[in-house]
Amino acid sequence: MIEYRNLRIALLGAGSVGSQVARLLLENRDELAARVGAGLDLIGVAVRDIDAPRDTAIPRELLTTDASTLIQSADIVIELMGGIEPARQYIQLAIASGADVVTGNKALLATHGPELFDAADRVGAQLYYEAAAGGAIPIIRPLRDSLAGDRVDRVMGIVNGTTNFILDRMDVEGDTFENALAVATELGYAEADPTADVEGFDAAQKAAILASLAFHTAVPVESVHREGMTTVTAAQIDSAQKAGYVVKLLAICERLVDPETGIEGVVARVHPALISRMHPLAAVHGAKNAVFVQAEAAGDLMFYGAGAGGVETASAVLGDLVSAARRHVAGGPGTGESTHANLPILGIGAVITRYQLTLIVTDKPGVLAQIAGLFSEHGVSVEAVQQTVATASAAGSASESDALTATLVIVTHEATEAALAATVAAVSANDAVVRVESVLRVEGETP
Ligand code: NDP
Ligand code: HSE
């Protein structure tokens with residue numbers, strides 16, 4: 001049997017994920033060596049502060065603040081520092097030095113992915129990033145490898161654990177957004193500044209990564225339509241429940257034909273949406289993540305698990321490390337990101353979906369017919385209507401309380417964003433409409 005020399009592994013970052021990677025790499029040395037066919041020597045761990053407290057003990061002699069020197073002595077560099085700089089220049093340095101790279105840095109890949117993939121491609125290096133979307137969930141490799149012979153039409157995921165935890169608590173416990181966020185912070189799911197999660201920035205980065213892979217097209221994060229979930233109210237959750245839906249923050253990446261231009265392209269979007277309680281994504285509770293993939297030949301697939309967490313994410317990083325190390329031993333080409341399809345990126349206006357509108361209207365004869373007429377005028381077909389008569393206290397303002405009002409919850413059949421926007425404008429301008437309480441998209445047929 002051929003004996004291979006040990007591979008030199010450099011780790012950049014020893015925070016939540018990095019410290020667990022270091023621990024598992026040291027504890028499972030023999031097992032990993034057997035799987036790779038060569039030993040994996042952790043030659044150093046770059047950090048900002050050598051004396052900072054760590055989740056797990058790392059031998060002090062491995063810690064260094066000199067990342068550049070460490071990188072240049074490595075066969076494989078694992079980047080788990082996060083942020084754009086200096087992570088970007090360290091990955092470039094690793095590639096230029098002939099090393100392969102494993103990273104979990106979604107912010108960096110969503111903004112500078114093409115530049116890094118090109119650099120790796122030019123020298124035949126590998127750039128693995130299973131941890132960058134969905135934490136522990138294997139989703140990058142299935143999209144890149146397992147489905148490489150299929151045609152993916154849609155990827156719809158719950159890719160942010162913090163927001164799923166909040167929305168799930170609002171749904172199951174009847175909590176308000178503020179209370180649910182406070183619990184998420186107390187339990188360590190939400191950061192001190194939860195903006196990236198609740199405003200959908202984190203999910204948009206993951207959507208850009210998933211869309212790029214699924215559709216063989218570079219999808220920049222700026223092109224992802226993003227709406228946060230801070231405006232979701234307990235009333236909307238309640239109304240969704242009554243209609244058999246649950247509200248989730250969804251990242252949706254789809255291949256579609258723009259109804260205006262006839263051009264086929266890709267749309268990626270992140271926003272709160274209603275989904276049927278019968279849909280597999282509705283069963284994703286707490287801080288868990290899941291990605292639902294629809295492919296032409298494979299049909300519907302779902303990938304479920306922990307989207308974050310130090311040790312859980314370390315599993316994905318080590319999987320990448322073993323793959324990279326095996327190629328070092330066996331040889332062969334780099335991973336190579338395929339962007340050959342180069343589909344146009346379409347705006348949210350190209351999306352065709354269903355909607356749920358909640359309207360507060362004056363309760364008098366003919367109002368329902370008038371509203372139905374406005375939907376019909378704009379080519380939006382109504383699927384279901386539910387009316388409840390509001391109490392005076394629920395009416396919202398002094399003038400409203402003079403007249404009897406009703407709440408109309410209308411679910412539409414599929415319509416374009418443009419037709420829906422025109423309908424909402426017409427409905428808002430109608431004298432019988434006190435206000436448009438909410439408009440939410442309804443996603444995913446019940447499989
Ligand atoms: P942490 O903030 O916990 O750790 C960051 C580490 O990087 C620290 O050890 C820090 O050093 C080190 N570091 C930061 N800047 C520098 C620098 N300029 N030079 C040297 N070292 C530096 O991050 P996480 O472990 O949470 O995340 C790491 C990556 O993994 C990120 O890209 C994140 O998006 C991704 N990820 C994280 C998940 C999670 O659940 N945490 C899930 C999926 C992906 P020091 O300790 O000295 O401060
Ligand atoms: N903050 C993210 C979440 C975890 O709540 O899912 C890292 O992507």
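Sequential numbering from 1 along the given sequence is applied to the chain's residues.
- For the residue pair Y128/Q126, the side-chain donor-acceptor check at 3.5 Å is satisfied.
- Between L181 atom CG and I166 atom CD1 the span is 4.5 Å, to the nearest 0.5 Å.
- For the pair H378 (side chain) and V380 (backbone), a donor-acceptor distance under 3.5 Å is absent.
- Summarising the geometry of A190 relative to T162, their closest heavy-atom pair is CB-CG2, 3.5 Å, with the distance given to 0.1 Å.
- Under the 4.5 Å side-chain criterion, counting only non-hydrogen atoms from C-beta, D171 is not in contact with V247.
- For the 3.5 Å distance criterion, the side chains of Q236 and S438 qualify, holding a donor opposite an acceptor.
- Checked for salt-bridge contact, R441 and E227 meet the test: a charged N lies under 4.0 Å from a carboxylate O.
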Exercise for the section: Step by step, work out the side-chain contact (heavy atoms from CB on, under 4.5 Å) result for M302 and V284. Expected result: CA-CA 11 Å; M302 188 153 108; V284 178; 4.2 Å; yes

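- Between G161 and N289, the closest heavy-atom pair is N-ND2, 3.4 Å.
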Practice task
Take L281 and L250, measure what side-chain contact (heavy atoms from CB on, under 4.5 Å) needs, and give me the verdict at the end.
Solution key: CA-CA 9 Å; L281 286 175; L250 297 179; 4.3 Å; yes

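- A donor atom on one side chain and an acceptor atom on the other are found under 3.5 Å apart for T195 and D193.
- In this pair, H271 and H225 present their aromatic rings perpendicular. The plane angle is above 60°, beyond the 30 to 60° band.
- Looking only at distances, a side-chain donor or acceptor of E79 sits under 3.5 Å from a matching main-chain atom of M81.
- Between the side chain of N6 and the backbone N or O of G39 there is at least one donor-acceptor pair closer than 3.5 Å.
- By the 4.5 Å heavy-atom criterion applied to side chains, L318 and V102 are not counted as neighbours.
- Note that CG of N160 and CZ of F201 are 12.5 Å apart. Values are rounded to the nearest 0.5 Å.
- Looking at heavy atoms from C-beta onward, V219 lies in side-chain contact with S223 at the 4.5 angstrom threshold.
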Practice task
Could you check V232 against L167 for side-chain contact (heavy atoms from CB on, under 4.5 Å), going step by step and ending with a plain yes or no?
Solution key: CA-CA 9 Å; V232 175; L167 288 169; 4.0 Å; yes

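- Counting heavy atoms from C-beta outward, V270 and L249 have side chains that approach closer than 4.5 Å.
- Ion pairing between R154 and E443 holds under the 4.0 Å rule for side-chain N and carboxylate O.
- In E260, the CD atom is not crowded: 12 or fewer heavy atoms of neighbouring residues, nucleotides or ligands sit closer than 6.0 Å.
- A donor-acceptor pair under 3.5 Å links the side-chain atoms of T217 to the main chain of L343, judged by distance alone.
- Looking only at distances, no side-chain donor or acceptor of D100 sits under 3.5 Å from a matching main-chain atom of L127.
- The shortest heavy-atom contact between G349 and E417 is CA-CB, 4.1 Å.
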Exercise for the section: Take S323 and D320 through the test side-chain hydrogen bond (donor to acceptor under 3.5 Å, both in side chains) and record every step on the way to the result. Expected result: CA-CA 5 Å; S323 297; D320 279 353; 5.3 Å; no

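- Interatomic distance, I352 CD1 to L256 CG, rounded to the nearest 0.5 Å: 7.5 Å.
- Contact annotation: the side chain of I263 never approaches that of V257 to less than 4.5 Å [non-hydrogen atoms, C-beta and beyond].
- A salt bridge is defined here as a Lys NZ or Arg NE, NH1 or NH2 lying under 4.0 Å from an Asp or Glu carboxylate O, and D51 with R60 meets this definition.
- In this structure, the side chain of T56 does not engage the main chain of R23 through any donor-acceptor pair within 3.5 Å.
- Put simply, the side chain of Q72 gets close to the backbone of S68: a donor and an acceptor are under 3.5 Å apart.
- Residue E264 holds its CD atom at 11.0 Å from OG1 of T261, rounded to the nearest 0.5 Å.
- Between the side chain of K206 and the main chain of V159, a donor-acceptor pair closer than 3.5 Å is present.
- Remark: the backbone N or O of I140 is paired with a side-chain donor or acceptor of E130 at under 3.5 angstrom.
- No side-chain N or O of N342 forms a donor-acceptor pair with one of T339 less than 3.5 Å apart.
- Salt bridge R5/D75: present, at least one basic N to carboxylate O contact under 4.0 Å.
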Practice task
Test side-chain contact (heavy atoms from CB on, under 4.5 Å) on T407 and L359 and set out the steps.
Solution key: CA-CA 6 Å; T407 302; L359 313 177; over 6 Å; no

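- When the shell of 6.0 Å around CD of E191 is examined, it contains 12 or fewer heavy atoms from other residues, nucleotides or ligands.
- Here the CD-CG distance, from Q205 to N105, works out to 8.5 Å after rounding to the nearest 0.5 Å.
- In this structure, E199 and M229 have side chains that are not in contact, with every pair of non-hydrogen atoms separated by 4.5 Å or more.
- Inspection of the R435 and S428 side chains reveals no N or O donor paired with an N or O acceptor under 3.5 Å.
- Proximity of V45 to T64: side-chain heavy atoms (C-beta onward) are nowhere separated by under 4.5 Å.
- The shortest non-hydrogen separation linking D150 to A298 is OD2-N, 2.8 Å.
- Taking a cutoff of 4.0 Å between a charged side-chain nitrogen and a carboxylate oxygen, D168 and K288 do not qualify as a salt bridge.
- Using a cutoff of 4.0 Å between basic side-chain nitrogens and carboxylate oxygens, R169 and E178 are not scored as salt-bridged.
- Taking all atoms of both residues into account, the shortest heavy-atom contact from I139 to A133 is CG2-O, 3.3 Å.
- A99 and V77 make their closest contact through CB-CG2, 4.1 Å (heavy atoms, listed as atom of the first residue, atom of the second, distance).
- Residues R269 and R226 fail the side-chain proximity criterion, which asks for heavy atoms closer than 4.5 Å.
- With hydrogens and angles ignored, the 3.5 Å screen pairs a side-chain donor or acceptor of S73 with a backbone N or O of T69.
- Remark: R277 is not positioned above the aromatic ring of Y245, lacking an NZ or CZ atom under 6.0 angstrom from the ring centre and at most 45 degrees off the axis.
- Taking OG1 from T103 and CG from L12, the interatomic distance works out to 9.0 Å, rounded to the nearest 0.5 Å.
- When ring centroids are compared, H279 and F292 come within the 6.0 Å threshold.
- Side-chain contact check for E254 and Q294: no donor-acceptor pair (N or O, by modelled atom type) lies under 3.5 Å.
- Look at R122 and D118 and you find no salt bridge, because none of the NZ, NE, NH1 or NH2 atoms lies under 4.0 Å from a carboxylate O.
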